[in-house]
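Report on the structure given below.
In each ligand, atom 1 is the first atom listed, and ligand 1 is the first ligand listed.
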Amino acid sequence: MEYSNGAVILTAFLLPIITYLLYTRTRDVRPRAASKLQLPPPTEVTNLMVYPIKSCHGISVPSAKLLPTGLDLDRQWMWVTYPDYRFLTIRNLAKMTLIRPVYDAETDTLKVTAPAPNSDDEKLQFEIPAHPTREWLSKNTEVVNATVWSSTTPAYCFSPDLTGSFNAFFGKEVRLVYKPPFSDSPRALGSNGAKAVLGREASTCFPDMMPILVASEKSMEELNSCLQAAEGLSIPITRFRPNIIVRGTKAWDEDTWKTLRIKPQSSDSGDLVLDVTQRCARCQVPNVDSETAEKHKTQPWDTLMKYRRVDEGIKYKPCFGMLCVPRGTGGKMEVGMRLEVMEVTDKHRYIPGF
Ligand SMILES: *[C@@H]1O[C@H](CO)[C@@H](O)[C@H](O)[C@H]1NC(C)=O
């Protein structure tokens, strides 16, 4: 009798309660989780940008080689102070964006120009191989330790015989350094790209943090509509110095992207896969007009600060774009390719450090 009493109590009282609890919990949780974790429809790569010299003007290219370290030619060069080889940045020297590298595919060279001081039409300039051989490097450079933020890495430093005219542009003695994409001493990623977080060893040349920055036009349009309302202002997406620009399907959808696949529209082969490590926390560089080097006092920084402080790991900086690390050996990337989001996450959290 004890036994069946127990069964009756279980059936009559406990089961409905358990059922009710289960039902309300799943009802509350499930639809939210499902909609949040839904994969967006595919979108398209609309522009590819490389910035051969860190902090200097970018180049829009129809195609680029995706390497494990980032797009080929992207941030493989960098201006540094002399004699301590610390990176010079557009953050405190906006006019660096007036330094223009141009790539000549025929000769495989980079021609670098900058406005000469106190002259309207005179230009400083030099030319260097875009893919220098070891022999060329050993003849024309010396190895130094160059520093980006708190990360110090060996780099090839060009002789001032070649780049010395640019001292006049900077108003002090500077050097140009080069880090090849396949280096004997790779610059290992830190932050969310560190081996312990990413799960594999990865490296890059001279970007601040990660090999690739992806940005969405949809988000740019939304931000521009806020800037329009606030100041009658509209800025190009290249202010954020992204490498891969996609059309996007919904503003800020990229906040949850975790794994991306990029491939030709009409093919199932040649997949390029990117691991999205984190949101890109911004400084005031997007306030600098890339064409004129004029820095806006407040925008888009103020607007971004109002509603884009969206990452728990870096609460006092606004986010725009997603930082990525290529998987595998890479391959050819072209404007017009399809971008598919293979995985999304609500767990992105920025880990500071370089
Ligand atoms: C760079 O730094 C490392 C570590 O401090 C040192 O062993 C090496 O000699 C330095 N290289 C140069 C070229 O100064």
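Salt-bridge check for Asp208 with Arg241: failed, with every basic side-chain N at 4.0 Å or more from each acidic carboxylate O.
For the pair Arg279 and Trp252, the NZ or CZ position fails the cation-pi test of under 6.0 Å to the six-membered ring centre and within 45 degrees of the ring normal. Within the cation-pi definition used here (under 6.0 Å to the ring centroid, within 45° of the axis), Arg282 does not qualify as a partner of Phe320.
Of all atoms in ligand 1, numbered sequentially from 1 with element shown, those under 4.0 Å from a heavy atom of Val143 are 13 (C).
At least one protein heavy atom sits closer than 4.0 Å to atom 13 (C) of ligand 1. There is no protein heavy atom closer than 4.0 angstrom to atom 9 (O) of ligand 1.
The nearest protein atom to atom 6 (C) of ligand 1, hydrogens excluded, is given as Asn145 ND2, 4.2 Å; this is a heavy-atom distance.
Side chain to side chain, Glu291 and His57 meet the donor-acceptor criterion of an N or O pair below 3.5 Å.
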